[in-house]
Asker: 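I'd like to ask you about the structure that follows.
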Protein chains: 2
Amino acid sequence: MVERVVPIPSARRPTLIDIARECGLSRATVARALSGKGYVDLDRRRLIQETADRLGYRTSTIARALRTQRTSSVGVLIADITNPIFPQIVKGIDEIVSSDGHTIFLSNTDEDPQKQVAIVRSLLDRQVDGIVMVSQTLADETLKLLEHGPPCVFVNRRPYEGVDYVGPDNEQGIELLLTHLRGLGHQRIAYVSGPSHSSTSRERLAHFRVSMAACGLEVDERLVFAGNYYKESGAKAAEAFMAVTPRPTAILAANDFVALGIVGYLHSIGLNTPADISVTGFDDMFDSSLMETEALKVEGLTTVNQPKRHLGRAAGKLLLERLGAPDAPGRKVILPTELRIRHTTGPVRKG
Amino acid sequence: MVERVVPIPSARRPTLIDIARECGLSRATVARALSGKGYVDLDRRRLIQETADRLGYRTSTIARALRTQRTSSVGVLIADITNPIFPQIVKGIDEIVSSDGHTIFLSNTDEDPQKQVAIVRSLLDRQVDGIVMVSQTLADETLKLLEHGPPCVFVNRRPYEGVDYVGPDNEQGIELLLTHLRGLGHQRIAYVSGPSHSSTSRERLAHFRVSMAACGLEVDERLVFAGNYYKESGAKAAEAFMAVTPRPTAILAANDFVALGIVGYLHSIGLNTPADISVTGFDDMFDSSLMETEALKVEGLTTVNQPKRHLGRAAGKLLLERLGAPDAPGRKVILPTELRIRHTTGPVRKG
DNA sequence: CTGAAAGCGCTTACAG
DNA sequence: CTGAAAGCGCTTACAG
């Protein structure tokens, strides 16, 4: 008996044509039936649906995208997924956009402008329907690319006013902290800012000055340090402040990382918080419910919570709405912060 | 003077045809020049490249994908981006696959089988080139979908032997912990397992028994609790263990969450670690360098570190290699763990 | 209500 | 070395 090579039925995915043949109809009719758009005889519609199910038909998003020029995908840029701020924001974005059938391309820029440009270019190549930029300072080239790109929503930093933007209420946050410190008797208060290329960082610094004035306090310029959001800049700032006479009794940091750097440095030279000096952060980066626990919790940094999940959700909504109204004016969503009093602030030390 | 409506040059992206026209050549030649495949006259090649740059041409990944059936995208499934274990693994995967031109679709399954199926279906619809499943217990339907899908690499859990798999050395990790506890004089040791649907959880439990025997210790079945990796199960287990006489002097937890639950419960009933009882975790979920700081650090859980970033990298490599060799046999990469002795373990209490 | 046809923007044998 | 042509799998006016 001669062996015969049985042609293995190709495992390729079925297409509209396969269903059309099976049903004795045209591709057009099948497409209309499956998409639910346009008229199709009811019985045929049923037949088509059954056949599609039986063959395991799934419409090719690629082919559809090529035809319709919409991909149902969105790009999200963050600095670093291992920075605990960002996962929460991303989760919020995801909740909203994925419920609308969009899938997320997530990329880390590591604060590197070159990477940012490369990633945006890659997203444009993929024709994402929209982009969310989380805490990104835009490179000039990125800005240029975006001009011809899809809608973009900015979270925490924006290149200029008028774009779709979501951010925490930085002014209110600073006020909460200053009011808290003022209530503890602090008057000589230092500030470590973030980088000036961050709009949020600029807002926080500007409002520090405004709010100090409103409290009737003077800002000693030797007690304002231009940091960069990283721990090391907090340490350097603290070192500089300790050389100023009289020393500050409290230090406001532009974010939690900086605050940790400050506390770390103070500790290294034998000063304690809040006994010797009070320190506050901003962001409440460790507020994930997963990380809470009664016994083993992160030692308490007094800070201001930014509602990360909600910021993400708001950004997702803004983006979806923007997709439906490309020419509407830019919108701004500012979400309130909350004071979290923990263990790095206390009454001013009696000199 | 009559106003004339100047037709606004459409901002649509330039295509091969635009370049071909501009250069007086065919699309085919332009495509070959730009892709670098096939022969093109050197001068023409230059002309084409210049023209492409001038027009800002970028090849449409969608059109290419439709033609070549490769998308240069990969899907990554995790349970929850806000669980600090996963970002590090994702980062490792990203480092490898993005350097190869792949972009990542990242999705949260929230341990929900329905979501898992929906996400995998969506990834298949998008024809991703590959999938990485991180800590996923596969739903039957997912498994079925994957049979006709692209290559898939499994991290931490695998549906069966023989698939591409990357995981920590669970046996070695358990041994490190038991040896450590044994050295502190502990003999009566309890274990809180993870869910039995997790291959990694099963390995840890199985090796707990093996390793206890190897140490010459007996396993009291009343001191083995079937947990589920969540904190609450740690609390319940601890409660149960405290009702057993004699009580255990040490408790091994299948992961850090469970350990936190145990410590929390013990603390709530007035018992302290390690004075009254020793507790260990697994994973070292808080080991991000971003979270380290001298002064404000996570209170110390003794645990075993799994090299998350490296696990991710290994998974990325396995996937890329698999794309180049679809029919090669499945491979397994097991990475060593490291003991992290902190403050929840101590010498057994003299009864 | 249905089908023929064009077209989205590429890639790739194939013939020359 | 180059170009004509087919085809990836859809969607969508358009004519009937």
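By convention in this document, chain letters (A, B, ...) are assigned in the order of the sequence lines, proteins followed by strands, and residues within each chain are numbered from 1.
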Asker: Whether the T142(A) and Q116(A) side chains hold a donor-acceptor pair (N or O, under 3.5 Å, no angle test) is what I'd like checked.
Answerer: yes

Asker: Any chance the side chains of R157(A) and T200(A) put a donor and an acceptor closer than 3.5 Å?
Answerer: no

Asker: Hey, could you give me each pair passing side chain to side chain donor-acceptor pair (under 3.5 Å) that has a residue in residues 31-41 of chain A? Not counting sequence neighbours.
Answerer: none

Asker: Quick check: does any side chain N or O of S199(A) sit under 3.5 Å from a backbone N or O of R158(A), one acting as donor and the other as acceptor?
Answerer: yes

Asker: Go through the side-chain N and O atoms of Q127(A) and T61(B) and say whether any donor and acceptor fall under 3.5 Å apart.
Answerer: no

Asker: For dG3(C) and T29(A) - does any side-chain N or O of the residue sit under 4.0 Å from the phosphate oxygens OP1/OP2?
Answerer: yes

Asker: Would you tell me whether R126(B) and T103(A) have side-chain atoms, one donor and one acceptor, within less than 3.5 Å of each other?
Answerer: yes

Asker: Going by heavy atoms closer than 4.0 Å, what residues in residues 21-28 of chain B are next to DNA chain D?
Answerer: L25(B), S26(B), R27(B), A28(B)

Asker: Between Y39(A) and dG3(C), is there a side-chain N or O to OP1/OP2 distance below 4.0 Å?
Answerer: no

Asker: Distance check needed: dT2(C) C1' versus D43(A) CG, whole Å only.
Answerer: 15 Å

Asker: How would you list, by chain and number, every residue that makes a salt bridge (charged side-chain N to carboxylate O under 4.0 Å, His left out) with D94(B), sequence neighbours excluded?
Answerer: none

Asker: Tell me: CD1 of I17(A) to P of dA5(C), nearest whole Å?
Answerer: 14 Å

Asker: Measure from CD1 on I19(A) to P on dT2(C) and round the result to the nearest Å.
Answerer: 15 Å

Asker: So which pairs with a foot in residues 99-136 of chain B pass ring-ring contact (aromatic ring centres under 6.0 Å, His included), sequence neighbours left out?
Answerer: F105(A)-F105(B)

Asker: Touch check for R70(A), heavy atoms < 4.0 angstrom, all strands: base, sugar-phosphate only, or nothing?
Answerer: nothing

Asker: State whether a side-chain donor-acceptor pair under 3.5 Å links T59(A) with R64(A).
Answerer: yes

Asker: Side chains of C152(B) and V132(B): closer than 4.5 Å at any heavy-atom pair?
Answerer: no

Asker: Contact class for R58(A) (heavy atom, under 4.0 Å): base, sugar-phosphate, or nothing?
Answerer: sugar-phosphate

Asker: Look for any protein N or O under 3.5 Å of an N or O in nucleotides 14-16 of chain C and output each such pair with its distance, or none.
Answerer:
none

Asker: Please map the stems of DNA chain D, keeping only stretches of three or more Watson-Crick or G-U wobble pairs with both distances under 3.5 angstrom.
Answerer: C:1-3 with D:14-16, C:5-12 with D:5-12, C:14-16 with D:1-3

Asker: Looking at K332(A) and D164(A), is any side-chain nitrogen of the basic one under 4.0 Å from a carboxylate oxygen of the acidic one?
Answerer: no

